[in-house]
J.: 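Sending over a structure as structure tokens; questions will come in a sec.
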Amino acid sequence: MAIVLSRSKPAPHRAAAADSYRIRDVMPRWAWWVVCSLVAALFLFPLAMLVLTVLKSPAEANASPPAYLPHGISWGNFGRLGAAGSGVLHYIGNTALVSAGTTVGTVIVSTLAGYGFARFRFPGRSALFAVILATLMVPFQALLTPLYMVMQFLHLQNSLLGLTLVYVTFQLPLSVFLMRNSFAQIPTELEDAAAIDGCGSFAALRRVMLAVVRPGLVTVALFAFFASWNEFLAALVLLSDDSRYTLPVFLTTLVTGKLGAIEWGVLEAGVLVTMVPCVVIFLLLQRYYVKGLIAGAVH
Amino acid sequence: MTLALRTSTRSRRRGVVGFLYTLPALVLVTVFFLVPLALLIWMSLHRWPLLGKPIWVGLANYLAIGGDGTFGQSLLFTAVYTVIITPILFLLGFGLAMLVKEQRRGAGVFRTVYFMPYVIGFASSAYLWLWLIDPSVGPIDKLLTDLGITGQPFGWTDTPTGALFAVIMSVVWKVVGFTMLLLMSGMQSVPGDVQEAAKVDGAGRFASLWHVMLPLLRRNIALVLVFSVVGSMLAFEQFYILTAGGPGNRTLTIVYWIYNSSFANFQLGYGAAMSVVLLVMLMLISGVQLYLLRDRSE
């Protein structure tokens, strides 16, 4: 199931696949280009308009009816975004903190658990693994009310740490599953060799195994990052203090701003700031992300 | 004897070490998943205000769901939304997958473009569309009037149908690339010789699509449908941000109503009871779907 979105070389056995439905038999080459480009234009139109509008001056961005192109490039919307609430940098910081915590936490916890489940036999192993996978069956949207109570009990409500722990937990089923598979694919000889060299299991994990499961680790890290950077509902419910908000929740404060009317240029600048890291990371690491998406979906 | 004893102690010790590796994950799952799940059921049997003491009410919350018109309305609306968006996502995703599944110059770039909105969060995407469809400052109405398709700005969120349509547009834009990807990965692993055989047997293009490709794609189709149905049943952000459930609660989804009951009306017990009902429904739906689309060859 190794498919990537771009730069993929045709695998020989797959080059023959889907032969009788080849689009090139139905559609001449130029027509295929026209159709694909038109569809691409539909997908890119919202993003192109977003960038063009955010670069307008605030007044121009709020003008009705709108113009397609800005009269000149202005950074005014970003300036006002920087001044909104506790300042956009503050919210970027919150989000980065939660995302980094979730990513690191998920990677550590799921590596340890994946290693434990793949390489050791202990009573109740399959049952415990099933319990972790069961988290997939229950969407956390349905658990928000009791999560809120648990947070109150642990004095973690309205805290970025609490939110991070919740995100890590809900990343675990997929991550532990992927890491267990990564470890299971490593031949035991590698570990035996490490043991002969005098490594305990943890040293073997750290010095030998980690290098081998790196692709799985990158996938797990990417998933954790995207999920925690973008998550909205749990952050909305569990954070009550304006200064603790993550970017998606901060956007809501821009709509219900103190000025009454929405400042569209500022709101869309916020949207742009929120989405840019995801798009950039995706473009850089799409190979790992797509592989993991399919491996995670088709299990 | 001593040797056997020593190995068994060693393997037991190794077992304990293995368990310790899984412990952090188990602790997190227990505290933030199992305990809340148990608490959810416990809360659903109480009248549970945000402040003050919870009162045991037995099944009263569940009984109240039957008489709650808003719940019925949100359930119906969520079902309608799911029934409309699932075939749209499937058919458009299928078409896109057919279009770009082959290795040819440019296909990789188009795949990336179609998939890219998927990595943008639901909240950012919804705020982007809130602006895109705004009748006074949004570029979509501007484009439609400039092209002469509509005479005047549409006012998408003024009517329930327009609001639903706007949400569907935004969701299709955001997630159809994911559908495309899942179907494409299935199409690329359909072995070429099976299709050659169908061709030799004289199957026309559509006959072989229907009789050969779709059955082989069963697993991927099942996944796409389960993801789409479960995702739609849990829809919240798009509606919270784009329509605020309006006009007049006409685009209120189940999760949205649970959110309102729990965190706006502070009836936590009632919200919990509705959550339990939602959970049971989701499990039944995924179970039925997976059963209907199970791989019969295995």
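Excluded from the calculations below are hydrogen atoms, water molecules and symmetry mates; all remaining heavy atoms, backbone and side chain alike, are included.
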J.: Considering only heavy atoms and a distance below 4.5 Å, find which of B:Glu237, B:Met43, B:Arg14, B:Arg104 pairs most often with chain A.
T.: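 Among B:Glu237, B:Met43, B:Arg14, B:Arg104, the one with the most close pairs to chain A is B:Arg104.
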
J.: Contact part of B:Ile254 toward chain A, heavy-atom cut-off under 4.5 Å: side chain, backbone, both or neither?
T.: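 Looking at B:Ile254, nothing touches chain A.
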
J.: Does any heavy atom of chain A fall under 4.5 Å from the side chain of B:Pro139, the backbone, both, or neither of them?
T.: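 Both backbone and side chain of B:Pro139 come within 4.5 Å of chain A.
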
J.: Taking side chain as C-beta onward, heavy atoms only, is A:Leu233 less than 4.5 Å from B:Tyr240?
T.: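 No, side chains not in contact.
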
J.: Taking side chain as C-beta onward, heavy atoms only, is A:Phe153 less than 4.5 Å from B:Val35?
T.: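 Sidechains of B:Val35 and A:Phe153: no contact.
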
J.: Identify which of B:Val29, B:Leu39, B:Val255, B:Leu128 forms the greatest number of heavy-atom pairs closer than 4.5 Å to chain A.
T.: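 Sorted descending by pairs with chain A, the first entry is B:Leu128.
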
J.: Taking C-beta and beyond as the side chain, do A:Cys36 and B:Leu99 meet within less than 4.5 Å on heavy atoms?
T.: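 Sidechains of B:Leu99 and A:Cys36: in contact.
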
J.: Yes or no on side chain to side chain contact (heavy atoms under 4.5 Å, CB included) for A:Leu236 and B:Tyr259, after CA distance, side-chain angles and deciding distance?
T.: CA-CA 10 Å; A:Leu236 184 71; B:Tyr259 171 84; 3.4 Å; yes

J.: Who among B:Val226, B:Val176, B:Leu130 has the most heavy-atom pairs with chain A under 4.5 Å?
T.: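 With the most close heavy-atom pairs to chain A, the winner is B:Leu130.
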
J.: With a 4.5 angstrom heavy-atom cut-off, is it the side chain or the backbone of A:Phe202 that approaches chain B, or both, or neither?
T.: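 The answer is both parts of A:Phe202.
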
J.: Please determine if B:Arg105 forms a cation-pi arrangement with A:Trp33, meaning its NZ or CZ atom is less than 6.0 Å from the six-membered ring centre and no more than 45° off the ring axis.
T.: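 No.
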
J.: Between B:Met116 and chain A, with a heavy-atom cut-off of 4.5 Å, which part of the residue counts as in contact: side chain, backbone, both or neither?
T.: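 When you check distances to chain A, atoms from both the backbone and side chain of B:Met116 fall under 4.5 Å.
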
J.: Contact part of A:Leu205 toward chain B, heavy-atom cut-off under 4.5 Å: side chain, backbone, both or neither?
T.: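 Side chain of A:Leu205 only, per the 4.5 Å heavy-atom cut-off to chain B.
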
J.: Do A:Asn230 and B:Phe122 come close enough that some side-chain heavy atom pair is under 4.5 Å?
T.: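 A:Asn230 vs B:Phe122: side chains apart.
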
J.: Can you tell me which residue pairs pass the side chain to side chain donor-acceptor pair (under 3.5 Å) test with a partner in residues 127-136 of chain B, sequence neighbours excluded?
T.: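 Qualifying pairs: B:Asp134-B:Ser136.
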
J.: For B:Leu282, which atoms come within 4.5 Å of any heavy atom of chain A: side chain, backbone, both, or neither?
T.: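 For B:Leu282, the side chain is the part near chain A, not the backbone.
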
J.: Examine whether an atom of B:Trp42 lies under 4.5 Å from a heavy atom of chain A, and if so say whether it belongs to the side chain, the backbone or both; otherwise answer neither.
T.: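 No part of it gets close to chain A.
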
J.: Go through the atoms of A:Phe282 and report whether side chain, backbone, both or neither lie under 4.5 Å from a heavy atom of chain B.
T.: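 It is the side chain, since no backbone atom gets that close.
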
J.: Hey, does A:Phe122 have a side-chain heavy atom less than 4.5 Å from the side chain of B:Val16?
T.: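 No, too far: nothing below the 4.5 Å cut-off.
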
J.: Could you report the tightest heavy-atom contact between A:Tyr68 and B:Leu143, atom names first, then the distance?
T.: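 So the minimum-distance heavy-atom pair works out to OH-CA, 3.3 Å.
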
J.: For A:Trp264 and B:Val137, indicate whether the former's side chain and the latter's backbone hold a donor-acceptor pair under 3.5 Å.
T.: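 Absent.
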
J.: In terms of heavy-atom pairs under 4.5 Å with chain A, which of B:Val119, B:Val113, B:Val31, B:Leu279 leads?
T.: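 Heavy-atom pair counts peak at B:Val119.
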
J.: Between A:Trp32 and B:Gly106, which heavy-atom pair has the shortest distance, and what is it?
T.: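 Nearest pair, atom of A:Trp32 first, then B:Gly106: CH2-C, 4.1 Å.
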
J.: Can you say whether B:Phe110 sits under 4.5 Å from chain A via the side chain, the backbone, both, or neither, judging by heavy atoms?
T.: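 Contact with chain A involves the side chain of B:Phe110 alone.
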
J.: Quick one: list whatever passes side chain to side chain donor-acceptor pair (under 3.5 Å) with A:Glu231, sequence neighbours left out.
T.: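 Partners of A:Glu231 under the side chain to side chain donor-acceptor pair (under 3.5 Å) test: A:Tyr167.
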
J.: As a quick check of understanding, evaluate side chain to side chain contact (heavy atoms under 4.5 Å, CB included) for B:Leu278 and A:Gln141, giving each step before the final call.
T.: CA-CA 10 Å; B:Leu278 174 64; A:Gln141 286 90 332; 5.8 Å; no

J.: More than 12 heavy atoms of other residues, nucleotides or ligands under 6.0 Å from CE of B:Met283: is that the case?
T.: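 For B:Met283, atom CE is crowded (more than 12 foreign heavy atoms under 6.0 Å).
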
J.: Do A:Thr135 and B:Phe32 pass the side chain to side chain contact (heavy atoms under 4.5 Å, CB included) test, and can you show the C-alpha distance, the side-chain angles, and the key distance before you say yes or no?
T.: CA-CA 10 Å; A:Thr135 318; B:Phe32 296 107; over 6 Å; no

J.: At a heavy-atom distance under 4.5 Å, which candidate from B:Ser275, B:Ala126, B:Pro36 has the highest pair count against chain A?
T.: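 So the answer, after comparing B:Ser275, B:Ala126, B:Pro36, is B:Pro36.
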
J.: Is there a side-chain contact between B:Phe33 and A:Phe140, using heavy atoms and a 4.5 Å cut-off?
T.: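 The answer is no; the side chains never approach within 4.5 Å.
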
J.: For residues 109-124 of chain A, which residue pairs qualify under side chain to side chain donor-acceptor pair (under 3.5 Å), counting only residues two or more places apart or in two chains?
T.: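 Those involving residues 109-124 of chain A are A:Tyr115-A:Glu191, A:Arg119-A:Glu191.
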
J.: Might you point out which heavy atoms bring A:Thr145 and B:Phe263 nearest each other, and give the distance in Å?
T.: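 Looking at all heavy atoms of both residues, the shortest contact is CA-CZ, 4.0 Å.
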
J.: Sort by residue number and list every member of residues 18-25 of chain B having a non-hydrogen atom under 4.5 Å from chain A.
T.: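 So far as heavy atoms go, B:Gly18, B:Phe19, B:Tyr21, B:Thr22, B:Pro24, B:Ala25 are the residues that approach chain A to under 4.5 Å.
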
J.: So which atom in A:Leu293 and which in B:Phe115 form the shortest heavy-atom distance, rounded to 0.1 Å?
T.: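 Closest pair (atom of A:Leu293, atom of B:Phe115, distance): CD2-CZ, 3.5 Å.
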
J.: Let me know if B:Ala107 has heavy atoms under 4.5 Å from chain A in its side chain, its backbone, both or neither.
T.: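 Looking at B:Ala107, backbone and side chain both touch chain A.
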
J.: Can you tell which part of A:Val39 gets under 4.5 Å to a heavy atom of chain B, answering side chain, backbone, both or neither?
T.: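 For A:Val39, the contact with chain B is made by backbone and side chain together.
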
